[in-house]
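Letters go in sequence order (proteins before strands), and every chain restarts at 1.
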There are 2 protein chains.
Amino acid sequence: MQHSASITYSISELAQEFDITARALRFYEDKGLLTPSRQGQTRVFSATDRARLRLILRGKRVGFSLDEIREMIDLESMNSGNSGNSGNSGSPLAYQLSLKRFQTRIEALRQQREDIDDAIAELETGCAWMETRIADLEPSEELKSRARAFEALARARL
Amino acid sequence: MQHSASITYSISELAQEFDITARALRFYEDKGLLTPSRQGQTRVFSATDRARLRLILRGKRVGFSLDEIREMIDLESMNSGNSGNSGNSGSPLAYQLSLKRFQTRIEALRQQREDIDDAIAELETGCAWMETRIADLEPSEELKSRARAFEALARARL
DNA sequence: ATTTTCCTTGACGTTAACGTCAACGTCATA
DNA sequence: TATGACGTTGACGTTAACGTCAAGGAAAAT
């Protein structure tokens, strides 16, 4: 159904685009976060692999561990996956387990949002204070440029 | 100026309150994040130590490393510190360095906020999906409670 | 007096998430 | 043909942030 000429990426292409190393990509594959196809021995990443990588990196930025990210990805792929059974556990107990974990993580994320707002506020007051310190202690850029202009003039007079 | 009977905390009190281990507190001291006073050999934590610990844990939750947190704390203490000089570097170059770092961190935090919102959204759809799965696969709680009621009735008949 | 309980300082172990290096294949190009 | 550029798989190294003993001091309860 999919015409054969889809966009693909080499490992270093993806690495460069997302500013990570090839080692990291191989590591994510080892951990089951990515499953690129092979052409011979060489990895070939598809557009969906790329999208998944996006998810991974976003997950990392918000503090998820790779194991947690894998769990999320697994459920995502089951979600949008085929309608039938694909050999997974599928037990409602497992769902309830994951559900609990997800819900607590959502709570943690809300808390984290507040913490981030607080941290931003603190860092901003810190920045403001440092700016006043710099302005107090340092001969201002204006003075410096005047000094340079004066030097130039003096050299010209010689 | 401070009346001598201030509130103090033992290491395990603080550990219990913030749900961390005493080892972590000692570790933070080793790293220069906390500087509790001593009574003999035993650590005695003040209210300001407690507040600082709050800052540390909040910093950790938003993804700061302990080194970064120490940098922030150092500047905070210089900020609200004494008016004179306290043997610190105080060079404007150092300030500009830290200022840059703080500003980039603020940018990262804003990005992080967006990422968190996205992650919350995704996790919520994940939860919703799992809830439908559970509802589909599991005999509902309503059925369960009806079964319990029936059992109770049956026992009463005996 | 002795047993708990809480504290201390080392010192080594652990986990996550890669970094780094070695040794090797393979293709395009000079 | 040989010389890079890019890819592969191990295997070991590294850093952060503690965990986990071991060995012992001091105070409080039995």
Side-chain angles (χ1 to χ4, degrees), chain A residues 7-46 49-50 52-74 101 105 108 112 115, chain B residues 7-46 49-50 52-74 101 105 108 112 115:
Chain A
I7 352 163
T8 66
Y9 309 85
S10 83
I11 192 171
S12 52
E13 281 171 352
L14 272 192
Q16 210 170 352
E17 177 175 357
F18 290 96
D19 196 34
I20 58 180
T21 66
R23 174 72 175 96
L25 285 166
R26 298 197 191 98
F27 185 71
Y28 295 155
E29 184 182 6
D30 278 10
K31 286 283 180 173
L33 294 168
L34 289 175
T35 44
S37 52
R38 302 301 179 97
Q39 157 170 292
Q41 205 174 20
T42 305
R43 274 164 262 254
V44 177
F45 295 85
S46 71
D49 290 326
R50 199 184 97 131
R52 188 165 285 192
L53 178 56
R54 250 194 214 304
L55 270 180
I56 295 171
L57 297 180
R58 252 185 28 202
K60 285 201 55 183
R61 280 192 302 247
V62 302
F64 288 109
S65 77
L66 294 189
D67 283 5
E68 290 171 325
I69 294 175
R70 188 165 48 75
E71 187 187 3
M72 295 170 51
I73 283 180
D74 287 356
R101 285 219 288 273
R105 282 312 302 243
Q112 218 175 319
D115 290 340
Chain B
I7 353 163
T8 65
Y9 309 84
S10 83
I11 192 171
S12 51
E13 282 171 352
L14 271 192
Q16 211 170 353
E17 176 176 358
F18 290 96
D19 195 33
I20 58 179
T21 66
R23 174 71 175 97
L25 285 166
R26 299 197 189 98
F27 186 71
Y28 296 155
E29 185 183 6
D30 280 10
K31 287 283 179 173
L33 295 167
L34 289 175
T35 44
S37 51
R38 302 298 179 99
Q39 154 171 292
Q41 205 176 21
T42 304
R43 275 164 262 252
V44 177
F45 294 84
S46 72
D49 289 327
R50 199 183 95 129
R52 188 164 286 193
L53 178 56
R54 249 194 215 306
L55 269 180
I56 295 171
L57 298 180
R58 251 185 29 202
K60 284 201 54 183
R61 279 191 303 246
V62 302
F64 289 109
S65 77
L66 294 189
D67 284 5
E68 290 171 325
I69 294 175
R70 187 166 48 76
E71 186 187 3
M72 294 170 51
I73 282 179
D74 288 355
R101 287 220 286 274
R105 281 314 299 246
Q112 218 175 317
D115 289 341

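For B:Asp49, there are no salt bridge (Lys or Arg N to Asp or Glu O under 4.0 Å) partners at least two apart in sequence or on another chain. Residues passing the salt bridge (Lys or Arg N to Asp or Glu O under 4.0 Å) test with A:Arg105 are A:Glu68, sequence neighbours excluded.
Rounding to the nearest 0.5 Å gives a distance of 12.0 Å between CZ of B:Arg52 and CZ of B:Phe45. For the atom pair CG (A:Leu34) and OH (A:Tyr28), the distance works out to 8.5 Å, reported to the nearest 0.5 Å. Separation of atoms CG (A:Asp74) and CE (A:Met72) is listed at 11.0 Å; rounding is to 0.5 Å.
Atom pair B:Ile56:CD1 and D:dA16:P shows a separation of 17 Å (rounding to whole Å applied). A:Tyr9 has its OH atom 15 Å from the P atom of D:dG7, to the nearest Å. A straight line from CG of A:Leu33 to C1' of C:dC18 spans 13 Å, rounded to a whole angstrom. If you take CD of A:Glu29 and P of D:dG7, they are 14 Å apart, rounded to a whole angstrom. A:Asp30 has its CG atom 13 Å from the C1' atom of D:dA11, to the nearest Å. Straight-line distance from the CZ atom of B:Arg26 to the P atom of C:dG10: 12 Å, rounded to whole Å. To the nearest angstrom, P of D:dC18 lies 9 Å from CG of B:Leu57. Summarising the geometry, the separation between CZ on A:Arg38 and P on D:dT8 is reported as 7 Å, rounded to the nearest angstrom.
Between A:Tyr28 and the phosphate of C:dA17, there is no side-chain N or O to OP1/OP2 separation shorter than 4.0 Å. Between A:Ser10 and D:dC6 there is no side-chain polar atom (N or O) within less than 4.0 angstrom of OP1 or OP2. For D:dC18, one of the phosphate oxygens OP1 or OP2 lies less than 4.0 angstrom from a side-chain nitrogen or oxygen of B:Lys60.
Counting heavy atoms from C-beta on, the side chains of B:Leu66 and B:Lys60 come closer than 4.5 Å. Counting heavy atoms from C-beta on, the side chains of B:Leu25 and B:Phe18 never come closer than 4.5 Å.
Each of B:Glu13 and A:Phe27 was matched to the nucleotide of DNA chain C holding its nearest heavy atom; the match closer to the 5' end belongs to B:Glu13.
The backbone N or O of A:Val62 sits less than 3.5 Å from a side-chain atom of A:Gln112, completing a donor-acceptor pair. Judged by distance alone, with hydrogens and angles left aside, the side-chain atoms of A:Arg70 form a donor-acceptor pair with the main-chain N or O of A:Lys31 at under 3.5 Å.
Listed by first and then second residue, the side-chain hydrogen bond (donor to acceptor under 3.5 Å, both in side chains) pairs involving residues 12-23 of chain B are B:Ser10-B:Ser12, B:Glu17-B:Arg50 (not counting sequence neighbours).
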Nucleotides 19-24 of chain C: which of its N/O atoms have a protein N/O under 3.5 Å away?
residue, atom, partner, partner atom, Å
C:dG19, OP2, A:Thr21, OG1, 2.5
C:dG19, N7, A:Arg23, NE, 3.3
C:dG19, O6, A:Arg23, NH2, 3.1
C:dT20, O4, A:Arg23, NE, 3.0

Can you tabulate the close N/O pairs, meaning under 3.5 Å, that link protein atoms to atoms of nucleotides 24-27 of chain D?
none

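Distance from the side chain of A:Ile11 is smallest for D:dT8 among the nucleotides D:dT8, C:dC7, D:dC6.
A heavy-atom distance below 4.0 Å to DNA chain D is reached by these residues of residues 62-70 of chain B, ordered by number: B:Ser65, B:Leu66.
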* To do: For side-chain contact (heavy atoms from CB on, under 4.5 Å), just list the numbers for B:Ile69 and B:Leu55, CA-CA rounded to whole Å, side-chain angles, deciding distance to a tenth of an Å, and then say yes or no.
  => CA-CA 8 Å; B:Ile69 294 175; B:Leu55 269 180; 6.0 Å; no
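A:Arg38 approaches A:Gln41 most closely through the heavy-atom pair NH1-O, 3.2 Å.
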